[in-house]
Number of protein chains: 2
Amino acid sequence: MLPKKTKYAIKALTALAKVYYDKKPLRISQISETEKIPRKFLEAILLELRHQGFVASKMGVTGGYYLSKHPEEIMLSHIIRATGGPIALLPCVSLNFYETCEECPHEELCSLREVVLEVREASLKILSKTSLTDLILREKKLIRNAKK
Amino acid sequence: MLPKKTKYAIKALTALAKVYYDKKPLRISQISETEKIPRKFLEAILLELRHQGFVASKMGVTGGYYLSKHPEEIMLSHIIRATGGPIALLPCVSLNFYETCEECPHEELCSLREVVLEVREASLKILSKTSLTDLILREKKLIRNAKK
DNA sequence: TAAATATACTACTAATTTAGTGGGAATTGA
DNA sequence: TCAATTCCCACTAAATTAGTAGTATATTTA
């Protein structure tokens, strides 16, 4: 399971992507209200996303956050990795949280590892091709279909 | 990530599957040694797997555990579910750990949910078609290829 | 230039989950 | 009877998660 932090990060970045062309920063409090993310927690998440280069910010009374990359370039897999949500089912097949299984004598001969590796590849295939732009387009499509 | 409990359960059940036709139970201590799983933890795991119907046991001096189903019938997805390892990335798409996202006004209109649903389907496709027998056959194949 | 309103940043905390351990009761075979 | 095994309940230490509190710093506007 992904931590809430990751889910909040995706939602916040999607909110920023929606106003990408407005050239005006969005305030933490605005995002917090529309996305229903606890204010202070969101503050900490956005700060981290800034350190990681996803967003930039402006201080002061007209301040707020804005994306520092094009929304088409920000993939779900990037956000998940940056906010500590592991994609792999086991550490022995994780790219970013790799750990050896102490109980495994030869990792390359472990059939369970082979299977969870396949699962990781299948998941990554989807998550690394879905961008913030894709999420927004998908949402529009969902709303359009619901109205029919 | 899957909990260690789940990984241990898969390894223990695979060990039992390997001696399925021996008609003799395997002792906890034997499994614990060959699979390098902490003795007492394994005891608790096997007990739970018995309550869930995966294995049966015999008490006393010639006692031990054995599979109560055919190894071809026990799928990785079953073991993961039984030992509490969620497969889905978010609770809102989990079959066994379902929870609504409080911040989502209309779950059916959430594009993130749609994507993680796809990821779940892709993972489940692999995990629900891989049995203990498959794991053993795969391991043999890995060993055979390594020797070449 | 002072007040108001943003973000920046450090430090702390409460609750939950994970990964076990300890110890004794019940069962079985020799 | 005794030795070896599973059964089962209760407990715990460490890590992780999901935040919160409070203060410092920056920016605009009156």
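A, B, ... follow the sequence lines: proteins, then strands. Residue 1 opens every chain.
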Original post:
Hey, is the side chain of Thr62(A) poking within less than 4.0 Å of OP1 or OP2 on dT5(C), counting only N and O atoms?
Top reply: no

Original post:
So, is Arg39(B) near the phosphate of dT6(D), with a side-chain N or O under 4.0 Å from OP1 or OP2?
Top reply: yes

Original post:
When we call it a touch if two heavy atoms are under 4.0 Å apart, what does Leu46(B) touch: a base, just sugar-phosphate, or nothing?
Top reply: nothing

**OP:** Using a strict 4.0 Å threshold on nitrogen-to-oxygen distance, state whether Glu103(A) and Lys7(B) make a salt bridge.
**Re:** yes

**OP:** Please check the phosphate of dA6(C) (OP1 and OP2 only) for any side-chain N or O of Tyr65(A) closer than 4.0 Å.
**Re:** no

Subject >> Whole angstrom value for the distance that separates C1' of dC9(D) from NZ of Lys40(B) >> reply: 10 Å

Original post:
Taking only side-chain nitrogens and oxygens of Ser57(A), does any of them come within less than 4.0 Å of OP1 or OP2 of dA6(C)?
Top reply: no

Subject >> Spacing of Lys58(A) atom NZ relative to dT7(C) atom P, expressed in whole Å >> reply: 11 Å

Original post:
Rounded to whole angstrom units, what separation is found between the CE atom of Met59(A) and the P atom of dT27(D)?
Top reply: 7 Å

Subject >> Candidates Arg138(B), Glu139(B), Lys140(B) - the one meeting side-chain contact (heavy atoms from CB on, under 4.5 Å) with Ile136(B) >> reply: Lys140(B)

Original post:
Nearest-Å distance, CD (Glu48(A)) to C1' (dA8(C))?
Top reply: 14 Å

**OP:** With the side chain of Val61(B) defined as its heavy atoms from C-beta on, choose the nearest nucleotide among dT28(C), dT20(D), dG20(C).
**Re:** dT28(C)

Original post:
Looking only at side-chain N and O atoms, does His51(B) come under 4.0 Å of OP1 or OP2 in dC7(D)?
Top reply: no

Original post:
Any side-chain heavy atom of Lys36(A) within less than 4.5 Å of one from Lys11(A)?
Top reply: no

Original post:
Strictly by modelled atom types, are Thr83(B) and Thr6(B) linked by a side-chain donor-acceptor pair under 3.5 Å?
Top reply: yes

**OP:** Report yes if at least one side-chain N or O of Arg27(B) is closer than 4.0 Å to OP1 or OP2 of dT28(C); otherwise report no.
**Re:** no

Original post:
Between dT17(D) atom P and Met1(B) atom CE, what is the distance in whole Å?
Top reply: 11 Å

Subject >> Euclidean distance, atom CD1 of residue Ile28(A) to atom P of dA6(C) [Å, nearest integer] >> reply: 10 Å

Original post:
How close or far is atom C1' of dT12(D) from atom CZ of Phe41(B), stated in whole angstroms?
Top reply: 14 Å

Subject >> Phosphate OP1/OP2 of dC7(D): any Arg50(B) side-chain N/O under 4.0 Å >> reply: yes

Subject >> Basic-acidic side-chain contact under 4.0 Å: Glu48(B), Lys5(B) >> reply: yes

Original post:
Any side-chain N or O of Tyr8(A) under 4.0 Å from OP1/OP2 of dA18(D)?
Top reply: no

Original post:
For the pair made of NZ in Lys5(B) and P in dT17(C), what is the distance, rounded to whole Å?
Top reply: 12 Å

Original post:
Do Glu43(A) and dC9(C) share a donor-acceptor pair, side chain to base, under 3.5 Å?
Top reply: yes

